[in-house]
Amino acid sequence: MTDLTVPIVEVSLIVALGAFLLYLMSYHGPWLVRTLKTWLFTTDHRRIGVMYIVTGIVFFFIGGIYAIEIRTDLGFVQGLGLDPQTTLGITPDVYSTLFTMHGVLMIFMFIMPVLAGFGNFLVPSMIGSREMALPRINAIAFWMLPPAGVILILSNANAGWTGYVPLSVQAPGDGIDLWILGLHILTISSMLGAVNFLVTITKHRAPGVHYWNMPLFVWSILINSVLLIFALPSLSIALTFVLSDRVFGTHILAAVNGTPLGGALLYQNIFWFFAHPEVYIMVLPAFGLISTILPKLARKDIFGYGAMAIALGVFAVLSFAVWEHHMFVTGISTNIRFVFMLATMAIAVPSAVKTFNWVATLWGGRIWMALPMWFCVAFITGFVIGGLSGLMLASIPIDYLYHGTYFVVAHFHYILLGGTLMAIFAGIYFYFPIITRRWYNQRLGQIHFLMTYVGINVLLFPMFILGAEGMPRRVYTYLYSGNFQALNFISTLGAYILGIGQLIFLFNMVYSYYGGEPVTTPDPWGEELAVTMTGPAPEPAPVRTPVPLPTATGAEVP
């Protein structure tokens, strides 16, 4: 990888896109203009929801490219005993840029937009509203995403996705400044969306739709919006402090109390006060999706509706009371650490409530094992593994051993890949026939599921062992000791299995949009197959009209 690699790739993509647009204008000019006007200027919540989802998927593949490069370096290149600098041109700075951009794009440009897209598409319909409360603000919030994503990619920031000081303050060039600009734009976008959801849900419910009969997905979006409004200002403050120190030389973080360490601790406190609620911002809408799809395909009402809604609120409260567990090893008081350890362990209670209620919903149900249900079950298993490993890290002695190792990487990614990603795919496969009125290819979908599920577990589970053996995170090379090479090689195999599976998913979605079998029933998930429940629902049998029987007097008996 040379300094010219990124510009060459960018220019090639721009040229290819320009050629494609010229082709469309030459042969389909009027159609292209009408289509662009329809989508560019729309304020319809359904169209905006679809654009959120499609944009998020685009950046999912871009962020995945960064991840594949990271794993290729750690697994295939160094796993085979080669030098990453001479083989791939990956230096410490390049590696830092790779995992910085991977983390930021996946969190802010994939997970959050896709979940916001489902919220836009579903919430007004679920509460009986014709539109979002502020449709133009809704459109503005979306159209801030693409330029912010481009700015983030062009920044090539290399301070880690957390942007810790003093590295982010002292990093040369303008990359960090552009990175902060992109994140500020995304923060404004998310705040606008959160306010819009809050107003819509609290003021635009149809008569008869009350808080205690709203779908759980609406509850998840409502609480998610509250989290965004209270957490995002903390991120903006931390980034503004960094930008002020870099541009104006204010030394807000550079030397708090006369020492650089004070600035680092201040930044971490401000950042994690945002970033731990951010974890639940990325998970709560996924809970809502699972709580919507699971009962539908189990042919049962959700078990424990009230407990599920209250658990969402408990997540919101506790998420603001545990940020210090990211700083157990920074030398803070033992009493403070103990309080945050208890608060972190308390999060296991609402997690267990939701998990047991999902399982209880399945228990005794007439389960349709359609493709979305596969992903729902996979979500439960991934979330349990991620949650139990997080409970281990909540313990101060264990955190001392595993902090800053690949054990933490495995835990965090099990929550997001084994959990949130599975819920997103469940939502896409569930709502694709509803949105497009076409079925996707079932066999390709099953292959995608298997490669995704196998790939995630082969990718992440070896990281638990790597962390237990002491391999540090955020390093571009490592000592060839113990099982480091073999485990990294296996983990990278999982990354490639996962990546190939997503290419199958992309092909399936594009092909099925144009050539999939038509949906022939008003509700694609309203009927179940009598023998095998893995494909499209059949057309319902015609209802026979009863024929009146004549009596001896000529009167008809119904």
Side-chain angles (χ1 to χ4, degrees), residues 38-57 111-145 188-229 281-282 284-296 302 305 308-309 312-313 316 372 423-424 426-437 519 522-526:
T38 300
W39 288 91
L40 291 178
F41 302 106
T42 185
T43 57
D44 178 66
H45 70 94
R46 295 180 183 84
R47 290 182 180 271
I48 291 175
V50 171
M51 289 193 294
Y52 265 114
I53 295 171
V54 171
T55 301
I57 291 174
I111 293 178
M112 292 179 67
V114 169
L115 295 177
F118 280 112
N120 271 275
F121 190 86
L122 297 175
V123 165
S125 302
M126 285 183 170
I127 64 173
S129 175
R130 296 181 61 184
E131 187 52 80
M132 295 288 286
L134 307 167
R136 287 188 174 87
I137 296 297
N138 199 25
I140 292 172
F142 166 74
W143 285 111
M144 297 178 80
L145 286 179
I188 296 170
S189 170
S190 296
M191 289 289 283
L192 292 175
V195 171
N196 207 354
F197 279 124
L198 275 179
V199 177
T200 302
I201 295 171
T202 57
K203 297 297 183 181
H204 285 245
R205 298 192 309 275
V209 180
H210 306 292
Y211 286 111
W212 289 107
N213 64 6
M214 292 191 311
L216 286 173
F217 181 76
V218 180
W219 267 110
S220 71
I221 294 296
L222 176 65
I223 295 173
N224 189 66
S225 300
V226 174
L227 285 177
L228 283 167
I229 289 173
I281 289 168
M282 293 186 289
L284 290 184
F287 290 166
L289 280 174
I290 297 299
S291 300
T292 301
I293 299 169
L294 208 67
K296 180 72 173 180
I302 192 74
Y305 169 89
M308 295 284 273
L312 291 171
I424 288 173
I428 290 174
Y429 280 112
F430 187 81
Y431 287 105
F432 182 88
I434 296 174
I435 296 172
T436 65
R437 305 303 300 171
V519 174
D523 181 3
W525 307 106

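Here the structure is a predicted model, which is why all the values come from computation and not from measurement. Each residue takes its place number in the sequence, starting with 1.
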Could you tell me the separation between the [atom1] atom of [X] and the [atom2] atom of [Y], rounded to the nearest 0.5 Å?
X    : Y    : atom1 : atom2 : result
N224 : I229 : CG    : CD1   : 10.0 Å
L122 : L289 : CG    : CG    : 7.0 Å
L222 : L227 : CG    : CG    : 10.0 Å
R46  : E131 : CZ    : CD    : 8.0 Å
K203 : S129 : NZ    : OG    : 14.0 Å
L192 : I140 : CG    : CD1   : 7.5 Å

Give the minimum heavy-atom separation between [X] and [Y], together with the two atoms involved.
X    : Y    : value
N213 : G208 : ND2-O, 2.9 Å
S189 : Y52  : OG-OH, 4.4 Å
G288 : S220 : CA-OG, 3.7 Å
L216 : A309 : CD2-N, 3.9 Å
M214 : V209 : CG-CG1, 4.0 Å
W39  : W143 : O-CZ2, 4.0 Å

Worked check of side-chain contact (heavy atoms from CB on, under 4.5 Å) between W219 and F287: CA-CA 10 Å; W219 267 110; F287 290 166; over 6 Å; no

Student check: side-chain heavy atoms of T55 and P113 closer than 4.5 Å: no

M132 vs I48 side-chain heavy atoms within contact, under 4.5 Å: no

CA sep, side-chain torsions, deciding dist, call: K296, D523, side-chain contact (heavy atoms from CB on, under 4.5 Å): CA-CA 11 Å; K296 180 72 173 180; D523 181 3; 2.7 Å; yes

Charged tip of R205 within 45° of Y211 ring normal and under 6.0 Å: yes

Option from I221, T200, N138 for which side chain to side chain contact (heavy atoms under 4.5 Å, CB included) with N120 holds: N138

Test ring pair (Phe, Tyr, Trp, His ring centres under 6.0 Å) applied to W525 and Y431, F430, F432, the passing residue: F430

